[in-house]
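Naming convention: chains lettered A, B, ... in sequence-line order (proteins, then strands); numbering from 1 in each chain.
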2 protein chains.
Amino acid sequence: MPDTTTIRDTVRDTVRGAGRSSGKGAETRERILDAALESFGTIGYDGTSLDDLAAGLGIRKQTILYHYVSKRGLLGAVVDRSAADLNVALLEVLEGEATDWERVEALVRSVFRVALEQPLLMGLLREVSRPGSPAAPRLKGAMGPLMDRAQAWMEREMDAGRMRRTDAQLVLISAYSTVVGLATEIEVLRAAGLEPTMRTVATRRRELLRFLRASLDPQR
Amino acid sequence: MPDTTTIRDTVRDTVRGAGRSSGKGAETRERILDAALESFGTIGYDGTSLDDLAAGLGIRKQTILYHYVSKRGLLGAVVDRSAADLNVALLEVLEGEATDWERVEALVRSVFRVALEQPLLMGLLREVSRPGSPAAPRLKGAMGPLMDRAQAWMEREMDAGRMRRTDAQLVLISAYSTVVGLATEIEVLRAAGLEPTMRTVATRRRELLRFLRASLDPQR
DNA sequence: CCTTCTTTCTACCAGATGGTCAGGGGACTT
DNA sequence: AAGTCCCCTGACCATCTGGTAGAAAGAAGG
């Protein structure tokens with residue numbers, strides 16, 4: 001599985017009927033993806049059985065296997081779609097007009113917005129960013145290019161003196177794990193019987209921004 | 001499974017031969033626990049098969065089931081031992097002479113020390129703090145009293161005006177998820193080909209302390 | 001030598017899981 | 001009406017799973 005493989009291409013490997021997006025099956029495929037995201041993100045990949053997944057959809061397991069060739073293929077498709085969602089949100093910012101620190105702040109806000117709107121996505125990230133996860137390489141393939149791009153941009157900013165010189169990759173990983181940690185936090189909150197509020201998320205975001213500012217802002 | 005059940009008691013329920021700690025089996029039990037902690041903490045509970053676990057130890061699966069009655073019993077024993085490790089580290093501080101903010105700082109340092117020495121333990125926490133995990137109630141039973149104690153202490157400090165008045169439980173959960181997030185971060189670092197250094201961990205610790213200070217310190 | 005207890009193993013099982021295969025029905029084309 | 005393609009399903013299967021039953025091996029003690 002070469003690193004140069006694009007997202008679309010890998011999707012085509014595991015999704016029967018990619019290329020045509022119309023037809024009756026398209027809706028089914030989406031419904032399967034939704035349910036799979038929910039299941040993978042909560043009870044995990046290993047904990048998800050295709051039979052249960054299908055039953056929840058009023059469908060037979062074979063239908064799932066028809067659209068996504070195997071269970072791993074399904075996971076791959078879920079990861080790809082989720083990564084694509086993130087990519088859209090991030091590219092919007094990256095192609096915006098914000099510069100320097102403003103852009104960093106916009107990126108963080110963008111990611112947190114996605115995390116709030118799709119908490120399941122964070123659960124999936126957590127599940128999948130585990131070493132030995134069947135989708136770890138897949139995630140790397142889907143998110144890697146974006147990470148590389150962000151890192152390259154940061155290093156350019158550093159060269160231009162608009163950012164403090166630090167290890168860009170380290171900062172990125174730190175930010176990434178903070179966001180993923182949100183999933184844990186939200187779930188722990190729920191387990192403790194508290195409904196997560198905007199406040200807890202905002203607190204985390206403020207913390208992350210402070211950390212980034214301390215790491216990157218050239219003045220202090 | 002009543003909340004008042006002590007850790008020792010629940011261990012006795014699931015471990016054959018508790019009470020005698022000598023004998024040939026004691027070493028085997030420990031080896032099994034070590035391997036199980038590693039496996040649960042990395043590939044997860046569902047992803048762990050007793051056969052593989054046993055094979056890795058040069059042992060038959062039935063030997064595991066002899067010592068720990070069931071797979072869940074094994075998980076319970078792992079969680080209990082890990083929680084006990086954490087408890088020891090924390091009680092040391094709680095019974096120390098540090099007061100007020102110093103005590104908070106000492107607690108954080110203590111937890112991070114454990115996290116560094118036993119990164120697998122963090123992986124287990126992450127795995128187990130997932131909703132629907134078979135060990136979620138077990139974890140709650142093992143860690144809950146400590147959390148309650150910490151919360152009660154914080155509220156006493158608040159009443160005495162030595163701590164700023166905030167939602168103690170929320171602060172605790174935030175701190176907890178930060179520590180657990182360390183596991184994610186360390187693993188992502190490894191996945192990126194970087195060996196986690198003291199520096200990354202120290203950065204996180206500093207962040208957490210700053211957050212706690214901002215939340216709790218009465219002056220500012 | 002016999003008994004008892006602990007520890008480990010061989011043999012086996014019922015259930016669940018991911019996956020294969022062949023077929024059926026509907027819609028659209030020719 | 002016949003062929004074709006897409007979508008879905010029932011029947012089936014190999015494998016793996018956690019778990020049970022029973023026995024062998026060794027140590028300890030009488």
The test is side-chain hydrogen bond (donor to acceptor under 3.5 Å, both in side chains); show your working for E185(B) and T200(B) and say whether it passes. CA-CA 9 Å; E185(B) 182 158 357; T200(B) 64; 5.3 Å; no

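- R81(B) has a carboxylate O that lies under 4.0 Å from a charged side-chain N of E30(B), or vice versa, which qualifies the two as a salt bridge.
- When the nucleotides dT17(C), dG18(D), dC9(C) are ranked by their closest atom to the side chain of Q62(B), dC9(C) comes out on top.
- Between the P atom of dG18(C) and the CD1 atom of I64(A) lies a distance of 9 Å, rounded to the nearest Å.
- The CG atom of L75(B) sits 12 Å away from the P atom of dG18(D) (whole-angstrom rounding).
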If you apply the rule side chain to side chain contact (heavy atoms under 4.5 Å, CB included), what do you find for W153(B) with V104(B), and how did you get there? CA-CA 11 Å; W153(B) 173 69; V104(B) 172; 3.9 Å; yes

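- The base of dG18(C) sits within donor-acceptor range of the side chain of K61(A), with an N or O pair under 3.5 Å.
- Among dG19(D), dG10(D), dC9(C), the nucleotide with an atom closest to any side-chain atom of R60(A) is dG10(D).
- In terms of phosphate contacts, H67(B) brings a side-chain nitrogen or oxygen within less than 4.0 Å of OP1 or OP2 of dT8(C).
- Contact check for Y68(B) versus L33(B): side-chain heavy atoms found under the 4.5 Å cut-off.
- In this model, the phosphate group of dC7(D) is approached by a side-chain N or O of Y66(A) to a distance below 4.0 Å at OP1 or OP2.
- In this structure, the side chain of R31(A) engages the main chain of L57(A) through a donor-acceptor pair within 3.5 Å.
- dT9(D) atom C1' lies 15 Å from atom CG of L57(A), rounded to whole Å.
- Atom CG of L50(A) is separated from atom P of dC8(D) by 16 Å (rounded to the nearest Å).
- Rounded to whole Å, the distance from CD1 on I59(B) to P on dT10(C) is 12 Å.
- For S49(B) and dT17(D), the shortest distance from a side-chain N or O to OP1 or OP2 is below 4.0 Å.
- The phosphate of dT7(C) has neither OP1 nor OP2 within less than 4.0 Å of any side-chain N or O from T63(B).
- Computed from coordinates, the D46(B) CG to dC16(D) C1' distance equals 14 Å when rounded to whole Å.
- For T28(A) and dC8(D), the shortest distance from a side-chain N or O to OP1 or OP2 is below 4.0 Å.
- R72(B) has its CZ atom 13 Å from the P atom of dG18(D), to the nearest Å.
- Rounded to whole Å, atom P of dG19(C) lies 15 Å from atom OH of Y68(A).
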